[in-house]
Visitor: 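Before anything else, here's the structure in question.
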Amino acid sequence: MPELPEVETIARGLREDLCGARVAAGALLWPGVLEADHGALDGPAFLRAVAGARIDAVWRRGKVLLLDLAGTGGAPHAAPGVTPGAAPLHLAFHLRMTGRLTVEPGGTAPGVHTRLLLDLADGRRLFFADARKFGRCRAMAPEALGRWPFFAALGPEPLELDAPAFAALLAGRRARIKALLLDQSVLAGVGNIYADESLFRAGIHPADTAAAIGPARLERLHGALAAVLREAIAANGSSISDYVNAHGDAGAFQNDFRVYGRRGCPCRVCATPLARTTVAGRTTTFCPLCQRPAWAGDS
DNA sequence: AGATCTACCTGGTTGC
DNA sequence: TGCAACCAGGTAGATC
């Protein structure tokens with residue numbers, strides 16, 4: 001499921017492929033894919049706004065992938081309230097669990113799970129597919145992007161924080177450490193995989209409260225999280241479920257998981273069978289020996 | 001402030 | 001074999 005490293009990998013691939021490309025037309029194959037609240041465009045406005053637009057930038061914030069569109073010079077119609085020819089627009093995709101964004105050659109037919117597509121002027125097609133219909137796209141003017149509550153509330157990027165700032169973010173909080181890692185308003189981009197993997201590497205029990213952990217170990221967690229995210233990006237992400245990059249290729253980091261999805265398997269460090277519990281409503285895998293609770297000693 | 005539950009979905013796996 | 005039950009995941013929203 002796409003978390004920060006997977007979305008980053010997709011963004012890099014799309015950036016290479018799409019920057020400067022012009023959109024001929026969009027299509028909504030399943031209208032429910034488009035979220036139109038908080039100032040985002042509805043279906044008809046979306047279709048008008050993307051037609052003729054140029055893709056200027058591809059970026060990522062947390063798990064959100066954004067395409068910046070501009071210069072709807074060739075658009076036959078402008079969206080209501082939008083000036084033709086100068087209509088900057090953000091397309092924000094959230095892939096949730098099974099969403100895919102891929103660039104396909106001209107003539108490729110949409111699959112049964114393709115929910116939205118952009119036909120490019122050069123014939124290629126950008127497909128947004130999602131078997132489970134959890135993924136969403138929003139089309140927003142720049143002001144609307146800032147007013148999107150989820151986006152506006154996103155916490156800092158974990159790879160842009162130094163260790164003391166990371167520790168300060170969590171220090172003293174009484175929620176469980178894993179719940180905080182997963183909370184997008186605390187830290188943007190971490191999901192179940194990288195929360196479990198980083199807590200294992202840092203030797204921290206996922207159900208410890210942040211307040212019980214202490215600054216030195218929080219800084220160690222920062223190092224573990226940054227390392228695991230960087231390694232995963234270098235491996236082009238983790239392919240479980242449906243994840244592929246913009247070119248349809250799988251990632252490789254799933255082969256390096258130390259705990260995620262390995263319950264009952266021997267710990268790679270101490271060979272103790274990995275345990276499973278639930279934290280913040282999520283399946284959580286950890287090593288009962290390497291990740292002792294803070295109250296059990298071992299500062 | 002934080003935890004817990006439900007809803008949203010459906011492909012894949014497990015159990016009978 | 002065939003089918004039902006369950007599970008996975010991120011976020012929103014309600015409730016305690």
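Note on naming: letters A, B, ... go to the chains in the order of the sequence lines (proteins, then strands), and numbering restarts at 1 for each one.
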Visitor: When you check the phosphate oxygens OP1 and OP2 of dC9(B), does a side-chain N or O of Arg115(A) lie under 4.0 Å from one of them?
Guide: no
Visitor: Where the side chain of Arg15(A) meets the backbone of Val58(A), is there a donor-acceptor pair that is under 3.5 Å apart?
Guide: yes
Visitor: Please report, rounded to the nearest Å, how far the P atom of dT10(B) is from the CE atom of Met97(A).
Guide: 11 Å
Visitor: Send over the distance from Phe134(A) CZ to dA12(C) P, rounded to a whole Å.
Guide: 13 Å
Visitor: Between atom CG in Leu181(A) and atom P in dT11(C), what is the gap in whole Å?
Guide: 13 Å
Visitor: Does Tyr260(A) put a side-chain nitrogen or oxygen below 4.0 Å from OP1 or OP2 of dA8(C)?
Guide: no
Visitor: Rounding to an integer number of Å, can you tell me how far Leu180(A) CG sits from dA1(B) P?
Guide: 12 Å
Visitor: So among His205(A), Lys178(A), Arg263(A), Arg276(A), which one has a side chain to side chain donor-acceptor pair (under 3.5 Å) with Thr284(A)?
Guide: Lys178(A)
Visitor: Where the side chain of Glu157(A) meets the backbone of Gly62(A), is there a donor-acceptor pair that is under 3.5 Å apart?
Guide: yes
Visitor: Nearest to the Phe150(A) side chain among dA12(C), dA3(B), dA8(C), which nucleotide is it?
Guide: dA12(C)
Visitor: Return the value, rounded to whole Å, for the distance between atom CD of Glu35(A) and atom P of dT11(C).
Guide: 12 Å
Visitor: For dC9(B) and Arg96(A) - does any side-chain N or O of the residue sit under 4.0 Å from the phosphate oxygens OP1/OP2?
Guide: no
Visitor: With a 4.0 Å limit, can you tell me whether Lys63(A) has a side-chain N or O closer than that to the phosphate oxygens OP1/OP2 of dT11(C)?
Guide: yes
Visitor: Nearest whole angstrom, please: distance from the C1' of dA7(B) to the CZ of Arg136(A).
Guide: 12 Å
Visitor: Please check the phosphate of dG10(C) (OP1 and OP2 only) for any side-chain N or O of Gln184(A) closer than 4.0 Å.
Guide: no
Visitor: Is the base of dG10(C) touched by the side chain of Arg282(A) through a donor-acceptor pair closer than 3.5 angstrom?
Guide: yes
Visitor: For Lys133(A) and dC8(B), is the shortest distance between a side-chain N/O and OP1 or OP2 below 4.0 Å?
Guide: no
Visitor: With a cut-off of less than 4.0 Å, is there a side-chain N or O of His94(A) near OP1 or OP2 of dT11(C)?
Guide: yes
Visitor: Tell me if the side-chain of Arg132(A) makes a donor-acceptor pair with the base of dA8(C), cut-off 3.5 Å, by modelled atom types.
Guide: yes
Visitor: To the nearest Å, give me how far apart CG (Leu154(A)) and C1' (dT11(C)) are.
Guide: 12 Å
Visitor: Which is true for Arg174(A) with a 4.0 Å heavy-atom rule: it touches a base, it touches only sugar-phosphate, or it touches nothing?
Guide: sugar-phosphate
Visitor: In terms of side-chain geometry, is the basic nitrogen of Arg132(A) or Asp130(A) positioned less than 4.0 Å from the acidic oxygen of its partner?
Guide: no
Visitor: Would you tell me if any nitrogen or oxygen in the side chain of Thr283(A) comes within less than 4.0 Å of OP1 or OP2 on dC7(C)?
Guide: no
Visitor: Where the side chain of Ala175(A) is concerned, which of dG11(B), dG2(B), dG9(C) is the nearest nucleotide?
Guide: dG2(B)
Visitor: Around atom CZ of Arg61(A), are there more than 12 heavy atoms of other residues, nucleotides or ligands at under 6.0 Å?
Guide: yes
Visitor: Look at the side chain of His113(A) and decide which nucleotide, out of dC9(B), dG11(B), dA3(B), has an atom nearest to it.
Guide: dG11(B)
Visitor: Nearest-Å distance, NZ (Lys178(A)) to P (dA3(B))?
Guide: 13 Å
Visitor: Between Glu6(A) (side chain) and Glu3(A) (backbone), is there a donor-acceptor pair under 3.5 Å?
Guide: yes
Visitor: Categorize Gly191(A) for me: base, sugar-phosphate, or nothing, with a 4.0 angstrom heavy-atom threshold over every strand shown.
Guide: sugar-phosphate
